Amino acid sequence: MLKKILLTINKLLKKIVEFFKTKTANLVVFIVLALIGLALFFVLNWFSDFKAISSIISQIKPLYFIALASFAPIVLTIACFRLQTILKGFGYKHIGFPDLLRISFQSSLISLIIPSFEISGETFKANKLKDKGISTPASYATVFFDYLIVFFTNILGSFVLLIYVLIKGITGISWPLIALFALMILVSIFLASRFLKRGWFSKFVSKLIPMEEKTIENLHLFDYGVSFFMKESRKYLILAIILSILGFYWEILQIELALWFLQIPHSFLITLVFYLGISYFNSVPVFGGIGFGESGAFLAGSALGIEEAYSLSLMLVLRIKQIVILIVGGLIFLREFLVKRKKTIPLPS
């Protein structure tokens with residue numbers, strides 16, 4: 001009897017795992033998360049009073065709004081220098097900075113609006129680099145290696161900041177959440193150490209997710225590209241890491257500036273708590289973390305004893321960066337569409 005129950009549970013678990021490997025399941029999860037995020041967004045803003053939030057934001061000086069709008073171009077400029085550095089490590093120096101900036105705006109736009117758990121914006125960037133004459137191994141390795149450098153820099157940087165916050169002491173922080181966050185960091189460090197072994201990543205992913213032969217081939221090429229970069233381009237690797245750290249601190253500085261613009265009394269500790277809360281919750285893969293980022297700001301503000309309206313005003317102000325990406329990225333896509341359409345329309349005889 002027990003054996004039959006265990007076999008039934010095992011079959012059920014296999015079906016659940018197979019379901020969540022499909023694109024349909026990813027879409028279902030995305031829609032559910034999107035609905036939860038929208039609900040959180042409106043509930044939190046209603047709870048904190050829309051009028052109070054509007055009143056706080058309206059006090060920002062016009063010059064400060066220009067500064068807020070510059071957040072996106074600056075962070076993408078840092079990202080482009082990092083991408084250009086990695087490309088140089090692979091021996092590609094012909095791609096100009098303006099091209100990389102346009103590609104970065106487009107890929108950031110895609111990452112914001114397309115429901116995907118497969119880093120779709122990065123895939124788009126890799127294909128764009130291939131169009132610019134970069135080989136398949138180098139293009140995929142460049143983009144995903146860039147992603148990993150940023151990911152692990154943010155994880156390790158956030159861990160250091162978390163330790164600092166714990167030493168200083170903040171009342172009201174959830175210890176189970178802190179333990180979960182620390183566990184995630186340890187797992188990430190373990191994966192990073194395994195990832196450095198050539199071929200491990202492609203074998204791991206191909207076993208985890210059913211893929212076509214061409215996709216598996218691209219993964220192996222990616223592994224080869226990363227291994228080559230680690231061994232042959234150390235100085236470019238170090239420079240890319242330095243640029244990633246610079247981008248990490250710029251993300252923190254954005255919150256510092258936004259708090260100042262909103263005239264919210266703050267200290268370095270308060271800035272860090274908001275950064276940790278917002279960055280953790282805002283990473284949910286759904287329309288730029290809408291609703292979840294607000295939840296992170298709300299919880300961080302509550303732990304600090306800051307009024308909800310001020311915490312949510314901070315998050316809404318930070319979202320100006322995403323609005324800039326949507327506008328600029330959309331205009332670049334529109335321009336490309338019009339140029340292609342003009343080329344395809346036959347000239348009158």
Side-chain angles (χ1 to χ4, degrees), residues 67-89 95 97-112 119 121-122 124-126 128-129 141-162 164 184-185 188-189 192 226 229 233-260 268 271-285 288-289 293 296 314-315 317-326 328-329:
L68 290 168
S70 73
F71 285 177
I74 291 174
V75 74
L76 288 180
T77 296
I78 296 171
C80 286
F81 277 122
R82 186 177 60 245
L83 194 65
Q84 197 172 48
T85 299
I86 297 173
L87 284 169
K88 287 179 180 178
I95 299 184
F97 185 83
D99 285 334
L100 287 177
L101 191 59
R102 283 193 291 270
I103 292 171
S104 294
F105 266 107
Q106 288 177 301
S107 63
S108 297
L109 169 63
I110 290 172
S111 294
L112 279 176
I119 325 176
E122 309 307 313
F124 170 86
K125 193 184 294 182
K128 277 287 188 179
L129 291 178
T142 295
V143 170
F144 286 99
F145 196 44
D146 177 64
Y147 176 84
L148 287 170
I149 289 174
V150 175
F151 176 76
F152 286 117
T153 299
N154 289 342
I155 288 290
L156 294 174
S158 296
F159 179 71
V160 172
L161 297 182
L162 180 61
Y164 175 83
M184 288 173 64
I185 291 172
S188 300
I189 294 171
V226 170
F229 192 89
S233 305
R234 295 284 175 84
K235 69 174 185 179
Y236 292 107
L237 171 63
I238 293 169
L239 183 55
I241 291 172
I242 291 171
L243 288 168
S244 182
I245 293 171
L246 180 62
F248 173 76
Y249 280 110
W250 171 244
E251 295 286 345
I252 297 172
L253 182 58
Q254 291 176 92
I255 294 178
E256 179 80 18
L257 290 172
L259 288 167
W260 182 48
F268 181 61
T271 301
L272 293 187
V273 173
F274 270 119
Y275 169 79
L276 291 169
I278 291 171
S279 62
Y280 178 75
F281 283 88
N282 206 41
S283 61
V284 177
L314 170 66
M315 190 62 225
V317 160
L318 291 172
R319 290 209 180 276
I320 291 175
K321 179 173 69 174
Q322 294 176 328
I323 294 171
V324 172
I325 289 173
L326 290 171
V328 177

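Treat the numbers as computed from the prediction; the structure is a model and nothing was measured.
To the nearest 0.5 Å, the span separating CZ on F248 from CG on N154 amounts to 6.0 Å. L314 CG to I278 CD1: the interatomic distance, rounded to the nearest 0.5 Å, is 4.5 Å. One distance of note links CG of L253 with OH of Y275; it measures 12.5 Å at 0.5 Å rounding. Here M315 contributes atom CE and I255 contributes atom CD1; the two are 8.0 Å apart, rounded to the nearest 0.5 Å. How far CG of L326 is from CZ of R319: 10.5 Å, rounded to the nearest 0.5 Å. Within the model, atoms CD1 of I245 and CD1 of I149 stand 10.5 Å from one another, a figure rounded to the nearest 0.5 Å.
In this structure, F97 places its CZ atom where more than 12 heavy-atom neighbours from other residues, nucleotides or ligands lie under 6.0 Å away. Counted within 6.0 Å of CH2 on W260, heavy atoms from surrounding residues, nucleotides or ligands total 12 or fewer; the atom is thus considered open.
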With side chain to side chain contact (heavy atoms under 4.5 Å, CB included) as the test, would you mind laying out the steps for I95 and L83 before giving the verdict? CA-CA 10 Å; I95 299 184; L83 194 65; over 6 Å; no
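Between A240 and I86, the shortest heavy-atom contact is CB-CG1, 4.0 Å. I103 and F124 get closest at one heavy-atom pair: O-CE2, 4.3 Å. The two residues S108 and I325 have their closest heavy-atom pair at CB-CG2, 3.7 Å. When all heavy atoms are compared, the tightest approach of F71 to L257 is CE2-CD1, 4.0 Å. Closest approach of Y236 to K88, counting heavy atoms only: CE2-CB, 3.6 Å. Contact between S244 and V150 at its shortest, heavy atoms only, is OG-CA, 3.5 Å.
The backbone N or O of S107 lies less than 3.5 Å from a partner atom in the side chain of S111, making a donor-acceptor pair.
The shortest distance between side-chain heavy atoms of E251 and I78 does not fall below 4.5 Å. Contact of the I252 side chain with the L161 side chain is registered, since non-hydrogen atoms from C-beta on lie closer than 4.5 Å.
Identified under the side chain to side chain donor-acceptor pair (under 3.5 Å) test for residues 72-83, with sequence neighbours left out: R82-D146.
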